[in-house]
Amino acid sequence: MPELSHRRRMLVLAICCMSLLIVSLDVTILNVALPAMQTDLHASTSGLQWTIDAYTLVLASLLMLAGSTADRIGRKRVFVVGLVVFSLGSLLCSLAPDLNALIWFRMIQAVGGSMLNPVAMSIITNTFTEPRERARAIGVWGAVVGISMAAGPLIGGLLVDSVGWRSIFWINLPVGVAALLLTLRFIPESRAPKARRADPVGQLLVIALFGSLTYAIIEAPDSGFTAILPFAALALVALVALVWYEPRRDEPLIDLRFFRSAPFSGATVIAISAFSALGGFLFLSTLYLQNVVGLDALHAGLWMLPMAVPTFLCAPISGRLVGSRGPRIPLLIAGSAMTVSALLFAGFEAETSNVSRFIGYLLFGIGFGFVNAPITNTAVSGMPRAQAGVAAAVASTSRQLGQTLGVAVVGAVLASGVGSSSYKDTFVSAARPGWWILVACGLAVLILGALTSGAWARRTAERTAEKLSSVEVREAAGITA
C-alpha cells in the first residue's frame with residue numbers, strides 16, 4: 001500500500017469505521033427487537049438465540065478465510081464484495097416471512113459481514129504503520145462500537161415501536177451503499193507480498209467445530225443430553241483434527257505459531273471472555289426489561305444508554321493508554337469493572353432496582369469500553385505486516401465466537417431455569433447462574449490481562465515475531481526449513 005497523506009489516512013479510517021458501524025449496529029438493534037420478533041414469529045427462547053447466533057456463528061467461521069483471502073487477492077476487492085453481500089442480506093432479512101427464513105437470511109448477511117471487519121482492520125493496520133498512531137486509530141475503531149451500542153437501542157426501539165421490527169435492517173442499506181461508493185473512490189488496493197494458498201480442509205474443520213458446538217449448547221435444554229451428544233462429539237473431533245492438521249500445512253488457515261506469543265494467546269482468550277459477557281449481558285437485559293418489567297422497545301433502549309455512553313467515551317481513552325503505556329492498565333480496568341458489574345446482578349439482583357441496575361450497566365460499559373483497543377492492538381502488534389489480515393481475523397473471530405458462546409450458554413441456562421413456569425416470576429432466579437458465568441468472564445479478562453501484559457509475555461511476542469519473519473524471508477527466497 002502506498003504511503004498516504006494524513007488527511008487520506010483519516011478518510012480511510014472513517015470508511016472502515018462505517019463498515020464496523022453497520023456490523024456492530026446489527027447486534028444491539030436486534031437485541032432490542034427480540035421480544036417483538038418473538039411475538040410476531042412465535043419464536044421460543046432457542047429461536048431467539050438462533051437469530052443472533054446464526055449471524056455471529058457464520059461470522060466466526062468465515063472471518064479467518066476472509067482475512068487470508070483479502071491478503072491474497074486484495075483487501076479492497078474483498079471489502080467491496082463484503083459491503084454488497086451484507087447490504088443484500090440486510091434487505092432479505094427485512095422481507096423474511098418466518099423465523100427459519102430470517103435465520104437463513106441472517107447467515108447470508110453474516111457472509112458479507114465476515115469480509116468487512118477483519119479486512120477493514122487489516123487495511124487500517126497497513127495504513128497506520130507507526131505504532132502510536134495505529135493504537136490511536138484502533139481506539140477510534142473501538143469508539144465506533146460504543147456509537148453502535150448507544151445508537152442501536154435508541155434507533156432500534158424507535159423503529160420497532162413506530163414501524164415494526166423489520167425496519168431495523170433498513171438502516172444498513174444507506175450506510176452500506178455510502179461506504180461502498182467511498183471505498184471504490186478513496187481506499188487503495190493492497191495485498192500481502194506473498195499470496196497464501198486456500199485451506200479448504202481447515203475451513204471445513206472450523207465450521208464443523210463452531211457449528212456443532214453452538215448447536216449442542218443451544219438445543220440442550222429442549223432436546224436433552226442424549227440428542228446433542230453426537231454434536232458435542234463432532235465438535236471434539238473437529239478440534240483435535242484441526243490442532244493435528246493445521247501445523248502440517250505450509251500455509252494453514254490458522255497459523256498456530258501465533259499462539260506461541262503469550263500476549264496474542266491472552267488477547268484471544270480475553271476477546272472470547274469479554275464478548276461472551278457482552279452477548280450474555282445484552283440477551284438477559286433485553287428480555288428482562290421488555291418481558292418482565294414490561295417496557296416498550298424504545299424505553300428498553302434508553303436503559304441501555306448507561307452502558308453504551310461509557311463504552312463510547314472510554315474506547316479512545318483506552319486507545320491512547322495502549323499507545324503510551326501498553327495494554328495492562330486498560331485490561332485491568334476492563335476486567336475489574338466487568339466483574340463488579342456482573343457480580344451486582346449475580347449476587348445482589350441488581351436488575352430489580354433502578355439504582356443498582358444503572359450502576360451495573362454503567363460499570364459494564366466502562367469495562368467493555370476499555371477492553372477493545374488492547375485486544376486488537378495486541379493481536380496485530382509484532383506480527384509481520386504480510387500476515388496482518390490473518391492476525392486481525394483471529395482477533396475478530398475470537399470476538400464473534402465469544403458473542404456466539406455467550407448467547408448460547410446464557411440462553412441455555414435461562415431456558416433450563418424458566419422451563420414451563422411463569423416467565424415473569426422465575427426470570428430473576430433462572431438468570432442468576434447466567435450472571436455468575438458473566439462474573440467468571442470478567443475475572444478471566446482481569447487475570448489474563450495481568451498475566452499476559454508483563455515483560456515475560458512481551459519477550460514471547462518478540463521471539464514469535466522473529467521466527468515468523470525469518471520463515472517469511474526463507475519462503476520468499478525459496479528456501480525450505
Side-chain angles (χ1 to χ4, degrees), residues 17-45 47-56 58-59 82-113 116 144-181 279 282-283 285-291 293-305 307-308 312 403 407:
C17 286
M18 289 174 70
S19 73
L20 174 65
L21 178 64
I22 56 177
V23 173
S24 301
L25 203 63
D26 247 44
V27 177
T28 50
I29 280 186
L30 187 67
N31 270 278
V32 171
L34 286 178
M37 292 166 58
Q38 185 176 31
T39 300
D40 191 30
L41 301 177
H42 309 290
S44 62
T45 298
L48 295 180
Q49 289 171 272
W50 278 118
T51 60
I52 298 174
D53 275 0
Y55 178 79
T56 55
V58 172
L59 276 179
L83 287 168
V84 172
V85 175
F86 185 87
S87 299
L88 176 62
S90 299
L91 178 61
L92 291 173
C93 287
S94 71
L95 303 174
D98 53 41
L99 180 65
N100 288 334
L102 177 61
I103 292 172
W104 282 105
F105 293 155
R106 287 280 287 167
M107 295 172 73
I108 294 174
Q109 191 185 30
V111 171
L116 297 181
V144 173
V145 177
I147 294 175
S148 70
M149 290 181 67
L154 291 177
I155 296 174
L158 184 62
L159 288 174
V160 170
D161 286 344
S162 60
V163 183
W165 65 264
R166 296 178 186 277
S167 61
I168 64 174
F169 297 104
W170 298 345
I171 195 69
N172 297 329
L173 300 179
V175 180
V177 171
L180 175 62
L181 296 176
L282 290 175
F283 191 79
S285 297
T286 300
L287 293 180
Y288 178 79
L289 290 172
Q290 295 190 54
N291 288 351
V293 178
L295 299 179
D296 57 31
L298 178 59
H299 286 88
L302 288 171
W303 258 108
M304 297 294 178
L305 283 179
M307 176 179 62
F312 170 67
Q403 196 154 336
V407 173

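Checking side-chain atoms of Q49 against main-chain N and O of V407 turns up a donor-acceptor pair under 3.5 Å. In this structure a side-chain-to-backbone donor-acceptor pair under 3.5 Å is missing from S24 to L21.
The minimum heavy-atom distance linking S87 with L173 is given by the pair O-CD2, 3.3 Å. V23 and G113 get closest at one heavy-atom pair: CG2-CA, 4.4 Å. In this structure, L83 and L116 approach most closely via the heavy-atom pair N-CD2, 3.5 Å. Contact between G301 and V32 at its shortest, heavy atoms only, is CA-CG2, 4.5 Å. Considering every non-hydrogen atom in both I22 and G176, the closest pair reads CD1-CA, 4.2 Å. The minimum heavy-atom distance linking L30 with M37 is given by the pair CD1-SD, 3.5 Å.
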Report task. Begin from the C-alpha positions of L289 and H299 and carry the test side chain to side chain contact (heavy atoms under 4.5 Å, CB included) through to its verdict. Result -> CA-CA 9 Å; L289 290 172; H299 286 88; over 6 Å; no
Query raised in the report: Run the side chain to side chain contact (heavy atoms under 4.5 Å, CB included) check on L48 and L287 step by step: do they pass?
Result: CA-CA 10 Å; L48 295 180; L287 293 180; 4.1 Å; yes
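Contact of the L91 side chain with the F105 side chain is not registered, since no non-hydrogen atoms from C-beta on lie closer than 4.5 Å. For the pair I103 and R106, the minimum side-chain heavy-atom distance is 4.5 Å or more. Looking at P35 and T286, their side chains come closer than 4.5 Å, going by heavy atoms from C-beta outward. No side-chain heavy atom of W104 sits under 4.5 Å from any side-chain heavy atom of I108. Between L159 and R166 there is no side-chain heavy-atom pair separated by less than 4.5 Å. Between N31 and M304, every side-chain heavy-atom pair lies at or beyond the 4.5 Å cut-off. In this structure, V144 and M18 have side chains that are not in contact, with every pair of non-hydrogen atoms separated by 4.5 Å or more. Counting only heavy atoms from C-beta outward, the side chains of W165 and L102 approach each other to under 4.5 Å.
The CG atom of N291 lies 5.5 Å from the CD atom of Q38; values are rounded to the nearest 0.5 Å. The distance from atom OH of Y55 to atom CD of Q403, rounded to the nearest 0.5 Å, is 9.0 Å. Rounding to the nearest 0.5 Å gives a distance of 4.5 Å between CZ of F169 and SG of C93. We find the CG-CZ distance between L180 and F86 to be 13.5 Å, quoted to the nearest 0.5 Å.
Partner Q109 forms a side chain to side chain contact (heavy atoms under 4.5 Å, CB included) with one of V85, L92, N172 and no other, that one being N172.
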